[in-house]
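Here's the structure, in structure tokens; my notes come after.
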Amino acid sequence: MKLKTTIIIWIIIFTLLISSIVILDLINITQFIPLSNEYDWLTFIGSLIGGFFTFLSLFITIRYQKESDKETKRLENLPAFSVDYKMNNLENNKRHSIFTYDGNAIYSTAFPNDAKKLYPVIIIKLLSPSVAFDVHISDMYTIFNHNDLDKKYFYPGTYTLTNNKEYKCMLYFKDISEEIIGVFRISFSDILGNKYFQDVSFSYHDECISQYKFEIINVLRPHHINEINNCKIEDITKSEFNYLYNECNID
């Protein structure tokens, strides 16, 4: 986008320059600038055009190579994760984050009501040799709640992960009896400062008194935030579960 804008600006400048020369020729430049020799505007303008396109070609090549090298370096340092889960209780999860979802809000939790009951623990593991910074679950959206979740008391801690290191987060679904289908978002950045998010679709329902039934459905590709600034989590959820949105008559 920036390259196209720069090229357009250069073309406008060059067009104005040629137009000025032609106008000066039409009004006879010798009235204002005493020229002792005959001048050939056609040759002069042809030289300008040739020089301009040579310069423009070189400029585009250098800019394209610079952008290509930058993108290659970004991809080489892009963190790659595996996303899994296991069922665990609070007694074995004391050192990790716990988030509560009650249908209207998601918030940080000291502990669930039942410390012995099994809850899903999301496990985000770094597979690539690059370092991932500020790794955390930043948002969640379900198709049974059409509004954004209240995150007033949502304080996700951020973590730095190196190769084969894990970030774990327990999800506590409070007083939820119906099946829940939705998406949670993982946010992170690379060593170059590029910021990303990666969405994961899931389903959940309360199978019995002692435990939940939780399933990770799909791990979507990461998005570079600098390129996609308006990709809302509700749009991702709608795309993932379009058939259910239609059944629920969600606009």
Side-chain angles (χ1 to χ4, degrees), residues 80-127 135-151 153-157 159 161 166-188 197-222 232-250:
F81 301 98
S82 67
V83 182
D84 203 351
Y85 78 96
K86 66 179 180 180
M87 306 305 292
N88 208 341
N89 57 38
L90 179 65
E91 294 178 352
N92 296 320
N93 195 67
K94 293 180 180 179
R95 293 183 297 174
H96 304 297
S97 301
I98 304 173
F99 298 141
T100 293
Y101 169 81
D102 65 5
N104 297 308
I106 182 171
Y107 47 90
S108 302
T109 314
F111 54 86
N113 291 340
D114 187 350
K116 293 182 182 267
K117 187 172 180 178
L118 297 178
Y119 300 97
V121 177
I122 307 301
I123 304 171
I124 302 168
K125 183 177 181 179
L126 183 65
L127 302 179
V135 181
H136 63 289
I137 293 178
S138 58
D139 205 351
M140 190 164 73
Y141 192 88
T142 69
I143 68 171
F144 297 103
N145 185 344
H146 306 172
N147 301 316
D148 290 338
L149 292 176
D150 180 5
K151 295 188 285 289
Y153 300 104
F154 182 56
Y155 306 107
Y159 297 81
L161 297 184
E166 298 176 342
Y167 160 62
K168 297 180 181 179
C169 176
M170 176 179 283
L171 296 180
Y172 169 45
F173 295 89
K174 180 182 179 182
D175 300 327
I176 303 295
S177 58
E178 72 272 18
E179 183 179 11
I180 296 294
I181 296 178
V183 167
F184 63 84
R185 174 163 292 180
I186 304 168
S187 296
F188 58 96
F197 66 82
Q198 187 166 9
D199 293 321
V200 181
S201 57
F202 69 92
S203 67
Y204 147 85
H205 72 270
D206 203 344
E207 189 176 46
C208 62
I209 296 176
S210 62
Q211 67 178 20
Y212 293 125
K213 183 174 182 180
F214 186 85
E215 179 184 2
I216 290 177
I217 300 174
N218 191 18
V219 179
L220 286 78
R221 69 178 182 85
K232 298 180 179 179
I233 191 170
E234 52 263 42
D235 296 331
I236 296 292
T237 308
K238 185 174 181 179
S239 175
E240 276 289 284
F241 305 107
N242 187 56
Y243 66 99
L244 289 176
Y245 265 87
N246 293 334
E247 291 178 4
C248 295
N249 296 319
I250 298 177

request  = Look only at the side chain of S108 and the backbone of Y155, and say whether a donor-acceptor pair between them is shorter than 3.5 Å.
outcome  = yes

message = Please tell me whether F188 and F81 form a close aromatic pair, meaning their ring centres lie under 6.0 Å apart.
response = yes

query = Are side-chain heavy atoms of D139 and K151 found at a separation under 4.5 Å?
reply = yes

message = To the nearest 0.5 Å, what is the distance between CD1 on I137 and CD1 on I122?
response = 5.5 Å

note = In short, S203 meets I181 closest at the heavy-atom pair CB-CG1, 4.0 Å

inquiry  = For a quick test of reading the model, state the closest non-hydrogen atom pair linking S201 to E240 and the distance between them.
reply    = OG-OE1, 3.1 Å

remark   = Rounded to the nearest 0.5 angstrom, the CZ-CD1 distance for F202 and I216 is 10.0 Å

message = Assess the residue pair I236 and R185 against the criterion (side chain to side chain contact (heavy atoms under 4.5 Å, CB included)); give the C-alpha distance rounded to whole Å, side-chain angles, the decisive distance to 0.1 Å, and a yes or no.
response = CA-CA 10 Å; I236 296 292; R185 174 163 292 180; 3.9 Å; yes

message = Nearest 0.5 angstrom please: S82 OG to E166 CD, how far?
response = 7.5 Å

key: Spacing of K232 atom NZ and Y141 atom OH [to the nearest 0.5 Å]   = 10.0 Å

task = Report yes if some heavy atom in the side chain of Y101 is under 4.5 Å from a heavy atom in the side chain of L171; otherwise report no.
result = no

query = Which value, rounded to the nearest 0.5 Å, describes the distance between D102 atom CG and Y172 atom OH?
reply = 9.5 Å

Backbone N/O of G182 and side chain of T237: donor-acceptor pair under 3.5 Å = no

key: N/O donor-acceptor pair under 3.5 Å between N218 side chain and L220 backbone   = no

key: Side-chain heavy atoms of D84 within contact of K125, under 4.5 Å   = no

inquiry  = I need the single residue from Y153, F154, Y119 that forms a ring-ring contact (aromatic ring centres under 6.0 Å, His included) with F99. Which is it?
reply    = F154

note = Correct closest heavy-atom pair for I186 and I124 would be CD1-CD1, 3.6 Å

Ring geometry between F173 and F214 (parallel below 30°, tilted from 30 to 60°, perpendicular above 60°) = tilted

ask   = Closest approach of Q198 and P222, non-hydrogen atoms and distance?
value = NE2-CD, 3.9 Å

key: CA sep, side-chain torsions, deciding dist, call: F184, V83, side chain to side chain contact (heavy atoms under 4.5 Å, CB included)   = CA-CA 11 Å; F184 63 84; V83 182; 4.3 Å; yes

key: From S97 atom OG to M170 atom CE, the distance as rounded to the nearest 0.5 Å   = 11.0 Å

